[in-house]
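Written out below as structure tokens is the structure these notes cover.
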Protein chains: 2
Amino acid sequence: MGGFAVILASRSPQRRAILEQLGIPFEVVVSAHDEGVLAGDPVATVEQNALGKAREVLARVALEPGELVLGVDTVVVVDGRTLGKAAGEEEARASLRLLAGRRHEVFSGLALCDGRREAVGHAGTGVRFRPLDEVAVARYVAAGEWRERAGAYAIQGVGSALVESVEGDYFNVVGLPVALLVETLAAFGVAPFSWAPPTP
Amino acid sequence: MGGFAVILASRSPQRRAILEQLGIPFEVVVSAHDEGVLAGDPVATVEQNALGKAREVLARVALEPGELVLGVDTVVVVDGRTLGKAAGEEEARASLRLLAGRRHEVFSGLALCDGRREAVGHAGTGVRFRPLDEVAVARYVAAGEWRERAGAYAIQGVGSALVESVEGDYFNVVGLPVALLVETLAAFGVAPFSWAPPTP
């Protein structure tokens, strides 16, 4: 390719959508890295998973100058417990009952590598849910959006109606901490909006 | 039409996108109401403008049972000053310089009317910008997104890279306070997710 571009080591459509929204040029190379969970340590978990994803792609892709591999991992934490993706509707309802009417934390790890250097960091965002009765929980789960989502909800979808407020980087909850990405890109010499073409 | 639907008294594509994301059925009837500004009182300003927009549409549309008119108005406030839409690139750059590296508030008023009752309320969200140098300001403005946006930025666009964190309802900053909408709909008897069809 040549020139600045991000190689996104993730299949997440939400992460693709955020890079598109930013106007950052990117390609997707899905990582084969197996996500691990370090019990009781969500920050170490997401940082190691982000780095593992980025390194796995870096090891098998020939980067052009200006290309950077981006690895991201996101988890939902409540009561010190890390919630993963629900295995079925019953588990999705249980996850939503646990989150209803209170605050939980979303952590993402973010890693960037260019073959010579790597950087890794994390972002945490608080999310407060509205109180939910059983009818609301049942209806939200029936709408099907819980699938493939940590914590069984999508803040950028119908699930926005579950949420009362956020504290921190909203895009971290969607799946890609934008402020951390912008800072980390700057550390690699990619200045904010240098990727955004002027309108004619 | 018959059945639940919202009549959105706004031409804003961002507000339409949020109703679509929620799965709420809606039609657009752009209000002819002139937005006013009450000096020094952003909450009264956005509530009166929201109500004025909704009432103006209500007065000339024949509502079917289950239909509700929705009026919304959003402003950006910094140092007690209400920022409107910038008139040109110079004003857009000045607005971004004012917001850089600090927190401002976004207020939206939201009004719902069904012809028998009306309800009005507001939501406030804090937004903290990253520090911005002159090059970043110039590049963001050159990308053209400042147009038609209070405060000269779009948090749901390339402008997400301007923002460090939010505190409150993120969607309020986009232009429609979702948590307040869900609560106000419930007060009109429309329960959360009653509009979301189950996936087959």
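As the structure is a prediction and not an experimental result, all values here were calculated from the model. Here is how names work: the chains are called A, B, and so on, in the same order as the sequence lines, proteins then strands, and each is numbered from 1. Because only heavy atoms are used, hydrogens play no part in the values below, and waters and symmetry mates are left out as well, while side chains stay in.
Of the listed residues (B:Ala143, B:Ala191, B:Ala196, B:Ala179), the one with the most heavy-atom contacts under 4.5 Å to chain A is B:Ala143.
There is no contact between A:Leu181 and chain B, counting heavy-atom distances below 4.5 Å. In this structure, chain B has no heavy atom under 4.5 Å from any part of A:Thr125.
Residues of residues 49-61 of chain A having a heavy atom under 4.5 Å from any heavy atom of chain B: none.
Going from atom CD of B:Gln21 over to atom CD of A:Glu145 covers 8.5 Å, rounded to the nearest 0.5 Å.
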In residues 126-137 of chain B, what donor-acceptor pairs under 3.5 Å come from side-chain atoms, sequence neighbours left out?
unit_1   : atom_1 : unit_2   : atom_2 : d
B:Arg130 : NH1    : B:Ala161 : O      : 3.0
B:Asp133 : OD1    : B:Val135 : N      : 3.3
B:Asp133 : OD1    : B:Ala136 : N      : 2.8
B:Glu134 : OE1    : B:Arg97  : NH2    : 3.4
B:Glu134 : OE2    : B:Arg97  : NE     : 2.6

Distance-only criterion, 3.5 Å: show the donor-acceptor pairs between side-chain atoms of residues 11-19 of chain B and protein atoms not counting sequence neighbours.
unit_1  : atom_1 : unit_2   : atom_2 : d
B:Ser12 : OG     : B:Gln14  : N      : 3.2
B:Ser12 : OG     : B:Gln14  : OE1    : 3.3
B:Ser12 : OG     : B:Arg15  : N      : 3.0
B:Gln14 : OE1    : B:Arg149 : NH1    : 3.0
B:Arg15 : NE     : B:Gly175 : O      : 2.6
B:Arg15 : NH1    : B:Ser10  : OG     : 3.2
B:Arg15 : NH2    : B:Thr74  : OG1    : 3.1
B:Arg16 : NH1    : B:Arg11  : O      : 3.3

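The two atoms that bring B:Val166 and A:Tyr170 nearest to each other are CG2-CB, 4.4 Å, heavy atoms only. Considering every non-hydrogen atom in both A:Val178 and B:Ser160, the closest pair reads CG1-O, 3.6 Å. Nearest heavy atom pair, residue B:Pro192 against residue A:Arg139, reads O-CD, 3.9 Å. Across every non-hydrogen atom of B:Phe171 and A:Ile155, the tightest pair is CZ-O, 3.2 Å.
Every residue meeting the side chain to side chain donor-acceptor pair (under 3.5 Å) condition with A:Arg102, not counting sequence neighbours, appears here in chain and number order: A:Asp79.
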